[in-house]
Amino acid sequence: YEDIDEVLARHVLPMADLARSLSAQSKYYRDLDRAAVEALLQEEHERAPHRIAYYISPMLRQPGSFLLSYMTTKPRHEIIEITPKGYRLRHSQLPTPAALIAWFKKHWNDPNISRSAPPPSQ
């Protein structure tokens with residue numbers, strides 16, 4: 001890189017914009033820990049068991065990453081990473097939050113080739 005402005009323009013600013021876009025989603029919860037998200041998933045699953053309940057929350061210990069939590073029969077958590085070119089879920093690179101959610105809804109039940117989220121720290 002030629003200078004710090006180039007790093008900002010090519011990496012930091014695009015990633016900040018992507019994080020803001022993801023945090024504007026209706027299923028985004030900023031202030032809930034993993035246990036609270038799992039309780040919400042359980043409530044939503046009981047109300048509509050035929051639907052896949054999901055929420056997105058930030059991973060406070062891993063900046064630039066978010067947790068996609070969803071429930072079919074039990075809560076599951078997967079990591080969404082932000083890159084300068086979009087969102088990475090499993091091994092797919094997706095350019096927008098809408099594309100990310102659409103991809104998840106289509107592939108949620110694919111064989112698990114993903115990196116599962118680490119268990120919560122005690």
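The closest side-chain heavy-atom distance from Y87 to P97 is below 4.5 Å. Contact check for E6 versus H11: no side-chain heavy atoms found under the 4.5 Å cut-off. Counting heavy atoms from C-beta on, the side chains of L94 and I101 never come closer than 4.5 Å. Within the 4.5 Å cutoff, the side chain of L68 has heavy atoms near those of the F104 side chain. In this structure the side chain of M71 never reaches within 4.5 angstrom of the side chain of I52, judged on heavy atoms. Between Y70 and H77 there is no side-chain heavy-atom pair separated by less than 4.5 Å.
In this structure, the separation between CG on L18 and CD1 on I80 is 11.5 Å, given to the nearest 0.5 Å. S92 contributes atom OG, which lies 6.5 Å from atom NE2 of H107 (distance to the nearest 0.5 angstrom). H45 NE2 to K74 NZ: the interatomic distance, rounded to the nearest 0.5 Å, is 13.0 Å. Interatomic distance, OH of Y55 versus CD of E44, reported as 3.5 Å (0.5 Å rounding). Note that CG of L67 is 4.5 Å distant from OG of S57, once rounded to the nearest 0.5 Å. The CG atom of L89 sits 10.5 Å away from atom CD of Q93, with the distance rounded to the nearest 0.5 Å.
Considering every non-hydrogen atom in both T83 and R88, the closest pair reads CG2-NH2, 3.5 Å. Closest heavy-atom contact between S23 and Y28: O-CD2, 3.3 Å.
With hydrogens and angles left out, the side-chain atoms of Q42 and E38 include no donor and acceptor closer than 3.5 Å.
Across L100, I82, I79, a single residue satisfies side chain to side chain contact (heavy atoms under 4.5 Å, CB included) together with F66, and that is I82.
The existence of a salt bridge linking E81 and R90 is excluded, since no basic side-chain nitrogen approaches an acidic carboxylate oxygen closer than 4.0 Å.
Under a hydrophobic-cluster definition in which Ile, Leu, Val, Met, Phe, Trp and Tyr are linked whenever side-chain heavy atoms come within less than 4.5 Å, directly or via other members, W108 and Y54 are assigned to the same cluster. Under the 4.5 Å side-chain heavy-atom criterion for grouping Ile, Leu, Val, Met, Phe, Trp and Tyr, W103 is connected to I56 within one hydrophobic cluster.
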Side chain to side chain contact (heavy atoms under 4.5 Å, CB included) evaluation trace for S69 with L41: CA-CA 8 Å; S69 302; L41 288 170; 3.8 Å; yes
